[in-house]
Structure formats: C-alpha cells, structure tokens
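I have placed the structure first, in the form of structure tokens, so that the comments after it can refer back to it.
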Amino acid sequence: MLSVIIPAYNEEGNISKAADIVRRLLIDNSIEYEIIFINDGSSDNTWLEISRNAEMNPAVFGITFSRNFGKESAIFAGLRYAKGNACVIMDCDLQHPPEKIIEMYKIWKNNDIDIIEGIKTSRGNEGIFHKISAKLFYGIIRIGSGLDLRNASDFKLLDRHVIDALNTMPERLTFFRAMSSWVGFKKESVYYDVEERQLGKTKWSLKSLIKYAIRSITSYTSIPMQIVTFIGAVSFILSLILGINTLYNKLSGKSLEGFSTVILLQLFTSSIIMFSLGIIGYYISKIYEEIKNRPRYIVSDIIDNRNNAKKEKDDEK
Ligand code: UDP
Ligand code: MG
C-alpha cells in the first residue's frame, strides 16, 4: 500500500481537488493507497473539507493540529501515522505534479530502491532575490554538511525502511529534506517542473523563509561557529602584526600617535565579540529547544475510517 501524505495549511480550495486527482490516478493504476491530510492549524475551512473527504472516502485519513506547527511537523506527523509500505509526500496546492507519483511508484516497485526524490528542473517563477538567496542557502549547506540539496524538494517517495528510520530520529527542530538525505539508503531521482500554484497563495513570507534558512543551516552544520573561530584566528594574526608595530614604535620613542588605531581596534573587536556571542547564543537556544523535549506537534483530532474500510471489505467477502 502507498500512503500519500499531504500537509495543508489554509488550503480549503485545494483539498477536494488534490484528493480527487490522487484517488483517480491511483485507482486507474490499481495501486492500493491511503491519503493522509494533515491540517496544520488552518484558520479557514480546511479541516471541514478534509473531514468531508474522509467521510466520503474511507481511504482518506485526517489529522488536525491544535495550532500551526509548520510544514515540517506536518510531514513528520504524516510519517508517524502512515501505514503503507511506502509513502509519497506532496504539496496540497498541486505544484508537485501528481502523475509523477506513478513514475515514482513504478521505480520503487520494480527496483530495490528506498528513496525516490523529486528534483525540480526549474524553480518555477521566482524573483531574482529569491534565486540568489536560495543559491547562498544551498551553498552553505553543501559546504557545511556535504549534502547537495540544490534542486531537492519535499516531493519524495520513501520506502518503509526510511519511514521507520525517520520516525526514530528524535530532534525537535527538523529539516526534512536534509534528514531524508542523511539517513542514507539507495536513491533515485525523478525530474519534474514546478507547476503553478492552484488556489490560494504561498505560505512563505520573506521573514519565514529567512527563519527557515537559519534554522536549517544551523541544524545541519556548525559552520557559523567555525566562522567565529576563523575570525578569531585572523584577528589574532592581525593583532600580532599590530603588536610588533606598536612595540617597535614605543622602543624607537614615537609612541604618542595611533590614538585612532586604538578606537578602531576597540570597535572592531567588540563587534566581532558581539557577533560571535550571537551565533553561540543561537546554538545554545537551539540546544535549549531540543532539551525541553516537547512534542513536535499536538494533534487535536483525527478522522480515521481506514479500519472500517477494511472491515467493510472483509464483510463483503
Ligand atoms: N504548509 C503547511 N504548514 C505551513 C505552511 C505550509 O502544512 O505552515 C503546506 C501547504 O499547505 C502546502 C505546502 O506546505 O501544501 C507547501 O506550501 P506553499 O505552497 O505555501 O509553499 P511553496 O510551494 O510556495 O514553497
Ligand atoms: Mg506551493
């Protein structure tokens, strides 16, 4: 069985559409399936829509969070509740072309491959600023952790082995793309074009993207901390040179000049110290977050007719 995991946040217009398309597609290809919708604390009628679909189709399973916990948490909730031998994670706005699910499924079925990644051939319509910052972001991740995530997306098929492996990872601050790469296993790629978004608009604001980027970078690399060490080393060398210069001046009896050097040095070192403390503080706050060991999400309701569906089937027999 294939579990299709769809996180949804304020997607009331897209739920039924996504459910219908996925159902049609999987039935046409006679693939046994379940669809797991995770309502990530939407403020519109997303949960009502999910409930309606779950009532109509017992293969639809719904979870709703008590508030918005973010797409990452929604994906991990989906992984936790999935019962399939494999799962596909896709967006609710149909930007991930559903036909590709079949392609992924076939590769999974016919080969001994555990992860089939959807790779974007184009990044869709993005502004220049967005493009540059994406490059910078993936560059830092690549240098820091050796993971090349440049055109990676959350659109993936995962075998049960991988789902189980991900479910054992305890961290609170998750970064799904990197984690599913970190676990290893045999990988294969499927290429797709990012479609235009269906109804509604993107949930990412500049602020949330920056937050996500910083969080992901710090989860996967300690490069920012090493930068601190690097700057420390450079300024040590500089201070050696300056120290020799100062000593020389003093010994040759012209040590009164250089007042502005003192001020500049003060400014320079104190700003580096502040900057470094900030970086270290950020990591400490993350350690604090993790150590609190709070759940990644809180489920406030579940609609599960999957067992009933099985029972009905058995009764028919
Ligand atoms: N999403 C979510 N929780 C959030 C933000 C987004 O579950 O806090 C879901 C959203 O409903 C969609 C997917 O994540 O199914 C991708 O979101 P979006 O389309 O806004 O991102 P983009 O495609 O612009 O990167
Ligand atoms: Mg989208």
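Each ligand, and each atom within it, is numbered from 1 in the order the structure gives.
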Can you report which non-hydrogen protein atom sits closest to [atom], along with the distance?
atom                    : value
atom 17 (O) of ligand 1 : Arg197 NH2, 4.2 Å
atom 9 (C) of ligand 1  : Pro7 O, 3.8 Å
atom 1 (N) of ligand 1  : Tyr9 CB, 3.8 Å
atom 24 (O) of ligand 1 : Thr202 OG1, 2.6 Å
atom 6 (C) of ligand 1  : Lys203 CG, 3.7 Å

(request) Select one of side chain, backbone, both or neither to describe which atoms of Ile38 lie under 4.0 Å from any atom of ligand 1, heavy atoms only. (result)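 Neither; nothing of Ile38 gets under 4.0 Å from ligand 1.
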
(message) Side chain, backbone, both or neither: which applies to Lys71 and ligand 1 if a contact is any heavy-atom pair less than 4.0 Å apart?
(response)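 Near ligand 1, Lys71 shows its backbone as well as its side chain.
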
Rounded to the nearest 0.5 Å, how far apart are [atom1] of [X] and [atom2] of [Y]?
X      : Y      : atom1 : atom2 : value
Ser270 : Phe275 : OG    : CZ    : 13.5 Å
Ile163 : Asp159 : CD1   : CG    : 7.0 Å
Ile227 : Ile140 : CD1   : CD1   : 7.0 Å
Tyr282 : Ile217 : OH    : CD1   : 9.5 Å
Ile6   : Cys92  : CD1   : SG    : 6.0 Å
Thr246 : Leu242 : OG1   : CG    : 4.5 Å

Which of the ligand 1 atoms, numbered from 1, are nearer than 4.0 Å to a heavy atom of [X]:
X     : result
Gly70 : 3 (N), 8 (O)
Gln95 : 19 (O), 22 (P), 23 (O)
Ala8  : 7 (O), 11 (O)
Asn68 : 4 (C), 8 (O)
Glu11 : 10 (C), 11 (O), 12 (C), 15 (O)

(request) Measure across Ile36 and Ser3 and return the closest heavy-atom pair with its distance rounded to 0.1 Å. (result)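 Heavy atoms of Ile36 and Ser3 come nearest at CD1-CB, 4.4 Å.
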
(message) Tell me if the centroids of the rings in Tyr192 and Phe155 come within less than 6.0 Å of each other.
(response)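 Judged by ring-centre distance (under 6.0 Å), Tyr192 and Phe155 do meet the cut-off.
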
(message) So if I apply the ring pair (Phe, Tyr, Trp, His ring centres under 6.0 Å) rule between Phe65 and each of Tyr297, Tyr9, Phe76, which one comes out positive?
(response)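 Answer to the ring pair (Phe, Tyr, Trp, His ring centres under 6.0 Å) test with Phe65 among Tyr297, Tyr9, Phe76: Tyr297.
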
(message) Quick check on Lys292: does its NZ atom have over 12 non-hydrogen neighbours (other residues, nucleotides or ligands) under 6.0 Å away?
(response)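 Yes, enclosed.
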
(request) Please say whether Ala74 places an N or O atom under 3.5 Å from an N or O atom belonging to ligand 1. (result)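 No, there is no polar N/O contact under 3.5 Å.
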
(request) Have a look at Asp40, Asp91, Asp93, Asn10 and point out the one with the heavy atom closest to atom 16 (C) of ligand 1. (result)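 It is Asp91 whose heavy atom sits nearest to atom 16 (C) of ligand 1.
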
(request) Assess Asp93: does it contribute an N, O or S atom lying under 2.8 Å from the Mg ion (ligand 2)? (result)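 Under 2.8 Å: Asp93 contacts the Mg ion (ligand 2) through an N, O or S atom.
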
